[in-house]
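Before any comments, here is the structure.
Positions are given from 1 along the sequence. One-based numbering, in listed order, for ligands and for the atoms of each.
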Amino acid sequence: MNIQFTYLPGDGIGPEVGAAAMAVLQATTQRFGHTLEAEHHLVGGAAIDAGEKPLPETSFESCQRTGAVLLGAVGGPKWDHLKGADRPELGALLPLRKRLNLYANIRPCKPYEALLDRAPLKRDRLEGTDFVVMRELTGGIYFGKKGRDAEGAYDECRYSESEVERIAIKAFDLAMTRRKKVTSVDKSNVLETSRLWRETVERVASRYPQVELEHLLVDAMTMHMLTRPTAFDVVLTENMFGDILTDEASVLCGSMGVIPSASLSDAREDQRVVGMFEPIHGSAPDIAGQGKANPLAMILSAAWMLRLSFGLNPEAAAIETAVEQALASGDVTGDLGGTLSTDQVGSQIADRVRRAT
Ligand SMILES: NC(=O)C1=CN([C@@H]2O[C@H](COP(=O)(O)OP(=O)(O)OC[C@H]3O[C@@H](n4cnc5c(N)ncnc54)[C@H](O)[C@@H]3O)[C@@H](O)[C@H]2O)C=CC1
Ligand SMILES: CC(C)CC(=O)C(=O)O
Ligand SMILES: [Mg+2]
């Protein structure tokens, strides 16, 4: 198969973890007899520095055409002085998600055996943790009207019923393939959008009688995630809450550098589901350029792209097995207690895939 996708390394550690993931993709495609056709494009601060808009039309057009996107990260202090849509986050990342209709953001939290003792939780409390966050990605406060007025500043938070309904359906469908439990997280004691969220989730739940539904308020959820992480199966939540809760979930998994993500659309007219695959972390300016970034989240995101955009299950599994072996052998970066550089982690995982029988 010819694996044609759009590669957007972006900013900070994005190109570093991206290079490691590309090395693993090269090894995997060679090993399984495929060809790799990566369309490299600029996005975010890297595009701004090249005199372009944060999301150049050529970059967007490639994403739209290939329907499979591997993204590093965008943003960083260098571009923090910019305002509104001139910023990498507001001018590139959010429009990419919106324009590709990537409303379903899936982020797993399943700590690897080798990392169980790195989390600040006791092993016996963490063992068996295996949940997936289904985060709504194209609505809510990040996309609302924002601005300044004489009194200060505002960010509007809006959700339509259909936006809540479609992500709830995704969460219940996913729960049906897993342990049949959905925990919906909102702030319905205060927010009107959360009241609509809860009503709509209840309505969708009535179509899935086999699935247990639990509601939690987001402030309490931050505590429950640390005190009873094994209680969750599918965690359904809105855009900003999902953003924050998944950074918290990364602590259970040992590092920000190990959680991949998939952002998916519905099938388009051509039946293609568009997918963007990216680590949950950002551009990590504090470690950028030092070879310290953990590339596993990006490598696992590439594996998800092979599975979800190209249906290449054995290929994705080969990468995931190699990652597990690397973790078990301690061949990892400093955030996980290892001594390897970003590149070294990438090349030893590529070697493991090449050697796999
Ligand atoms: N999807 C995206 O493009 C995202 C972009 N951002 C942007 O990234 C920039 C930096 O944001 P921060 O708040 O610093 O969040 P961040 O996720 O980049 O970093 C938070 C902390 O985690 C560490 N970390 C992150 N990824 C790591 C990795 N792969 N290996 C080892 N350590 C890692 C960093 O060194 C830092 O101490 C901001 O401009 C932000 O808007 C943030 C999150 C997502
Ligand atoms: C610009 C942010 C909304 C990106 C982010 O933190 C995320 O999606 O995790
Ligand atoms: Mg985030």
Response to the item:
Within 4.0 Å of some non-hydrogen atom of Arg107, the atoms of ligand 2 are 7 (C), 8 (O), 9 (O)
Worksheet item: Which option out of Ile280, Ile259, Thr246, Asp243 puts a heavy atom nearest to atom 6 (O) of ligand 2?
Response: Asp243
Discussion item. Considering non-hydrogen atoms of the protein only, which is the closest contact for atom 4 (C) of ligand 2, and what is the distance?
Written reply: Leu93 CD2, 3.6 Å
Worksheet item: Under 4.0 Å from any heavy atom of Glu89, which atoms of ligand 2 are there?
Response: 1 (C)
Worksheet item: Hey, are Thr6 and Ser62 close enough side-chain-wise for a donor-acceptor pair under 3.5 Å?
Response: yes
Fill in: For Tyr142, atoms of ligand 2 separated by under 4.0 Å from a heavy atom
3 (C)
Item to complete: Please test Arg31 against Glu315 for salt bridge (charged side-chain N to carboxylate O under 4.0 Å, His left out), starting from the C-alpha separation and ending with a verdict.
Response: CA-CA 9 Å; Arg31 157 93 173 65; Glu315 291 81 346; over 6 Å; no
Worksheet item: With distance as the sole criterion, is a donor-acceptor pair present between the side chains of Asn105 and Arg107 under 3.5 Å?
Response: yes
Fill in: Polar side chain donor-acceptor pair, Ser341 to Asp343, under 3.5 angstrom
no
Tabulating one pair per line, provide the atom names and distances (0.1 Å) for every N/O atom of ligand 1 that is less than 3.5 Å from a protein N/O atom.
residue: ligand 1; atom: 1 (N); partner: Glu278; partner atom: OE1; Å: 2.8
residue: ligand 1; atom: 3 (O); partner: Val74; partner atom: N; Å: 2.8
residue: ligand 1; atom: 8 (O); partner: Ser283; partner atom: N; Å: 3.1
residue: ligand 1; atom: 8 (O); partner: Ser283; partner atom: OG; Å: 3.3
residue: ligand 1; atom: 17 (O); partner: Gly282; partner atom: N; Å: 2.7
residue: ligand 1; atom: 18 (O); partner: Gly282; partner atom: N; Å: 3.3
residue: ligand 1; atom: 18 (O); partner: Ser283; partner atom: N; Å: 3.3
residue: ligand 1; atom: 18 (O); partner: Ala284; partner atom: N; Å: 2.7
residue: ligand 1; atom: 29 (N); partner: His281; partner atom: NE2; Å: 3.2
residue: ligand 1; atom: 29 (N); partner: Asn294; partner atom: O; Å: 2.9
residue: ligand 1; atom: 30 (N); partner: Asn294; partner atom: N; Å: 2.9
residue: ligand 1; atom: 35 (O); partner: Asp286; partner atom: OD1; Å: 2.7
residue: ligand 1; atom: 35 (O); partner: Asp286; partner atom: OD2; Å: 3.1
residue: ligand 1; atom: 37 (O); partner: Asp286; partner atom: OD2; Å: 2.8
residue: ligand 1; atom: 39 (O); partner: Gly76; partner atom: N; Å: 3.1
residue: ligand 1; atom: 39 (O); partner: Glu89; partner atom: OE2; Å: 2.7
residue: ligand 1; atom: 41 (O); partner: Glu89; partner atom: OE2; Å: 2.5

Worksheet item: Salt-bridged, Arg352 to Asp331, with N to O below 4.0 Å?
Response: yes
Worksheet item: Under 3.5 Å, is there a donor-acceptor pair between the Thr237 and Arg135 side chains?
Response: no
Practice prompt. Examine the side chains of Trp197 and Ser184 and answer whether a donor and an acceptor come within less than 3.5 Å of each other.
Written response: yes
Fill in: Any donor-acceptor N or O pair under 3.5 Å, side chains Tyr103, Asp266
yes
Worksheet item: Contact between Arg97 and ligand 2, counting heavy atoms under 4.0 Å?
Response: yes
Item to complete: Test the Arg99-Phe60 pair against the cation-pi criterion, namely NZ or CZ under 6.0 angstrom from the six-membered ring centroid and within 45° of the ring axis.
Response: yes
Worksheet item: Any luck finding a side-chain donor-acceptor pair between Tyr142 and Glu89 under 3.5 Å?
Response: no
Worksheet item: Counting heavy atoms only, which part of Arg87 comes closer than 4.0 Å to ligand 2: side chain, backbone, both or neither?
Response: neither
Worksheet item: Looking only at side chains, do Ser255 and Asp335 share a donor and an acceptor under 3.5 Å apart?
Response: yes
Practice prompt. Ignoring hydrogens and angles, state whether a donor on the side chain of Asn2 or Thr35 is under 3.5 Å from an acceptor on the partner side chain.
Written response: yes
Worksheet entry | side chain to side chain contact (heavy atoms under 4.5 Å, CB included) partner of Leu217, chosen from Thr222, Asn189, Val190 | Asn189
Worksheet item: Listing by chain and number, what protein N/O/S atoms are under 2.8 Å from the Mg ion (ligand 3)?
Response: Asp243 OD1
